[in-house]
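Small disclaimer: the values here were computed from a predicted structure and weren't measured. A note on names: the letters A, B, ... follow the listed sequences, proteins ahead of strands, and every chain is numbered from 1.
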Amino acid sequence: MKRWSQFFIPTLKESPADAEIASHRLLVRAGLVRRLGGGLYTYLPLGLRAVHKITQLCREEMDGAGAIELWMPHLHPAELWAQGPRWAAAREIMFRADSAGDGRRPGREPEVVLGPTHEEIITPLVKAEISSYRDLPKNFYQIATKFRNEIRPRYGLMRAREFIMMDAYSFDTGDEGAVKSYFAMKEAYARFFRRLGVQAIAVEADTGVMGGSFSHEFMVPAEIGDDDVIYNEASGYAANREKATSALVPADLADAAPAGAVEKFATPGVTTIAQLAAEPHGVPAEQQFKTLVYIGDGRPFLVLLRGCDELEEAKLGALGFTLFRPATPEEIVPVLGARPGSLGAVKGTLRDPSALAGVFADHAIRLIGNGTTGANEDGFHLRHVNVARDLAITRFGDFRRVRPGEPDPRSGQPLQVRRGIEVGHIFKLGTKYSEKFGAVFTDDQKQTHPMVMGCYGIGISRALQAVIEQSHDADGIRWPWNCAPFQVLVCVLDPQLPEAMELAERLGTAAERAGADVLIDDRAERPGVKFKDADLIGIPLRLTIGGKGLKEGVIELKWRHAKDVVKLPLAEAEARVAAAVGEARAAAA
RNA sequence: CGGGGCGUAGCUUAGCCUGGUAGAGCGCUACGUUCGGGACGUAGAGGUCGUGAGUUCGAAUCUCACCGCCCCGACCA
């Protein structure tokens with residue numbers, strides 16, 4: 001039981017100017033956090049209590065799923081990362097820390113880095129400690145601080161540079177076991193978010209720099225989310241836009257027959273899809289081939305799309321390059337022979353085809369059949385280009401961005417889109433890290449194999465804010481029972497009356513015995529201030545003790561999410577409060 | 001890193017265009033009146049006007065540079 005006057009909850013009437021979204025404003029106004037610098041936040045006592053509630057729930061679900069808690073350093077020797085499979089990509093977001101003073105190697109590679117995630121730490125540990133199939137599977141987790149130099153920290157805790165994360169790593173003897181571990185975590189995640197009191201949906205996701213074979217994200221639907229979720233309610237299909245696909249191209253689509261010889265025609269000044277679609281040329285975007293040039297690990301490659309489609313850049317990750325980026329015009333001309341606007345992939349028109357690492361075509365270009373593309377000669381295009389006959393395609397793939405309304409890959413029903421906040425991510429990693437670090441085990445045939453890994457993350461601090469984003473009203477936060485910093489607020493309107501404070505203690509004790517954390521507002525403030533603050537900090541159950549009520553022989557009980565106030569006769573108050581707490585706990589279990 | 005915007009008291013901000021005493025509300029301190037939905041009055045404390053240069057007799061105000069923050073894009077839990 002805490003007394004407000006002895007605690008520290010600095011609430012604000014006005015929102016700080018830098019807080020744009022509701023949850024960020026409420027984090028600050030309700031006295032949960034204060035900003036230190038870009039993407040850096042102090043958790044004030046009330047905010048820390050919410051964090052503890054969330055981590056405890058998370059811990060219970062992880063333990064329940066058989067994961068084992070440990071704690072790894074936040075400072076990582078840079079050599080470990082250099083040994084790992086993704087140093088080049090990961091170092092972009094890692095804070096470097098040269099030991100003390102000027103460091104021993106100023107201007108060169110860092111000696112230590114602040115950990116953005118822990119695959120590079122856990123895998124060598126498991127390699128050193130586990131070598132027999134008898135000791136597998138194992139799943140280790142920690143709940144700790146992560147550091148990522150986000151290019152653009154945003155929205156308070158939503159995208160911070162230092163944040164709290166639960167990260168887990170599973171090690172199995174084979175693929176089957178790894179899949180089992182993966183789905184055990186998927187279920188644990190679902191239970192965790194349900195108990196947290198937040199609606200989070202599992203969607204198929206891109207694996208990104210993490211690598212691995214498949215992955216799900218847990219998304220909290222919210223307008224301010226950074227991700228687009230493509231879904232169909234009826235079929236249950238849901239995927240991050242980066243990963244989402246559609247049944248736009250029929251599986252049994254036959255190659256179109258050529259419609260005539262390839263024909264070059266002059267298109268002076270035409271450098272965009274829209275210009276070619278306009279008069280005098282009048283080639284619809286759906287009949288154009290779009291040719292994009294990227295550089296993958298130093299070598300150029302081409303991506304072909306329909307003129308009307310957009311590239312979903314994340315899908316290029318499937319091509320296996322460690323790093324890729326759009327090519328510059330200076331890089332394009334020597335290879336293709338023309339500048340952007342007149343590019344194409346028609347056999348025989350490329351200046352230096354041997355320089356290419358590949359030509360990757362989106363399936364949807366097969367819908368074009370015969371179309372128009374750049375001639376690799378500034379100011380000229382080619383028509384009657386046939387997909388099968390004329391294009392030098394290394395392989396087809398899914399590279400286009402799905403649009404709402406396209407047919408669901410499962411049911412054919414139209415796909416929809418909504419925004420979401422990514423609060424959790426699970427990956428089936430495979431052997432990417434175990435091979436690199438030599439984390440192998442010996443099986444019962446005395447054969448050694450790399451362990452099959454999975455990794456799992458929950459953004460604890462982000463989940464905290466997602467809860468607020470999803471659960472608030474015009475007056476303030478509406479904490480779900482299980483992650484509320486306190487579950488019961490005893491609002492004493494006349495704390496100078498000894499009998500009022502004594503009653504508050506009794507009710508608070510009754511609520512505590514029933515399993516609630518209790519805060520007593522004993523401040524010498526006017527009632528209006530107390531009620532406003534109570535709504536702002538959003539404690540689920542409010543008990544009000546006032547001089548008036550005491551004379552009538554009642555106290556008041558009010559749920560934060562409800563409008564009505566229930567008057568409880570003093571004689572019944574303790575039992576009714578205990579019962580209310582019991583019901584709330586049961587409902588939130 | 002590209003594009004846009006903003007830095008004035010702890011917070012929200014006016015003043016800047018058109019250079020000349022830095023103002024208000026909230027919060028804070030003291031006293032009084034109040035006391036069931038962010039009360040009122042009186043008196044106070046609190047400001048290197050982000051930093052540095054420049055123009056000028058004189059700069060919060062004009063110019064330049066730098067720093068910080070916010071928003072939009074690419075990355076992520």
- Members of residues 467-478 of chain A that approach RNA chain B, where some heavy atom sits under 4.0 Å away: none

- Message: Going by centres under 5.5 angstrom and planes under 30 degrees, do the aromatic ring of A:F531 and the base ring of B:G38 stack?
- Response: no

I'd like a table of donor-acceptor pairs (distance under 3.5 Å, sequence neighbours excluded) in which one partner is a side-chain atom from residues 188-205 of chain A, with atom names and distances.
residue: A:Y189; atom: OH; partner: A:G457; partner atom: N; Å: 2.8
residue: A:Y189; atom: OH; partner: A:G457; partner atom: O; Å: 2.9
residue: A:R191; atom: NE; partner: A:E61; partner atom: OE1; Å: 2.9
residue: A:R195; atom: NE; partner: A:A589; partner atom: O; Å: 3.2
residue: A:R195; atom: NH1; partner: A:E60; partner atom: OE1; Å: 3.1
residue: A:R195; atom: NH1; partner: A:E61; partner atom: OE2; Å: 2.8
residue: A:R195; atom: NH2; partner: A:E60; partner atom: OE1; Å: 2.8

- Task: Would you please classify the geometry between the A:F301 ring and the A:F360 ring as parallel, tilted or perpendicular, with 30° and 60° separating the classes?
- Result: perpendicular

When you measure from the side chain of [X], which nucleotide among [options] comes out closest?
X: A:K532; options: B:G37, B:A77, B:C71; result: B:G37
X: A:A17; options: B:C76, B:U13, B:A77; result: B:U13
X: A:D227; options: B:U34, B:C76, B:C70; result: B:C76
X: A:D226; options: B:C76, B:A74, B:A77; result: B:C76
X: A:R35; options: B:G73, B:A77, B:C70; result: B:C70

- Task: Rounded to the nearest angstrom, tell me the gap between atom CZ in A:R159 and atom C1' in B:C69.
- Result: 16 Å

- With a 4.5 Å limit on heavy-atom distance, are the side chains of A:L125 and A:M72 in contact? no

- Could you write out RNA chain B as a dot-bracket string, with dots for unpaired bases, | for bases paired across to another strand, and Watson-Crick or G-U pairs counted at under 3.5 Å? (((((((..((((......[..)))).((((((.....)))))).....(((((..]....))))))))))))....

N or O in side chain of [X] less than 4.0 angstrom from [N] OP1/OP2:
X: A:K13; N: B:G27; answer: yes
X: A:Y155; N: B:C72; answer: yes
X: A:R154; N: B:C72; answer: yes

- Quiz item: cation-pi between A:R148 and A:F163, 6.0 Å / 45°: no

- Between A:R29 and A:P16, which has a closest nucleotide on RNA chain B that is more 5'? A:P16

- Note on the structure: Walking RNA chain B from its 5' end, the first of A:E14 and A:G457 to be reached, judged by nearest nucleotide, is A:E14

- Note on the structure: Sorted by chain and number, sequence neighbours left out, salt bridge (Lys or Arg N to Asp or Glu O under 4.0 Å) with A:R506 holds for A:E502, A:E574

- Item | Pair A:E422 + A:R159: basic N to acidic O under 4.0 Å | no

- Which pairs with one or both residues in residues 44-73 of chain A pass ring pair (Phe, Tyr, Trp, His ring centres under 6.0 Å), sequence neighbours excluded? A:W71-A:H74

- Residue pairs passing the ring pair (Phe, Tyr, Trp, His ring centres under 6.0 Å) test with at least one member in residues 522-552 of chain A, sequence neighbours excluded, are none

- Task: Would you check if the side chain of A:Y169 reaches a backbone N or O of A:H118 as a donor-acceptor pair within less than 3.5 Å?
- Result: yes

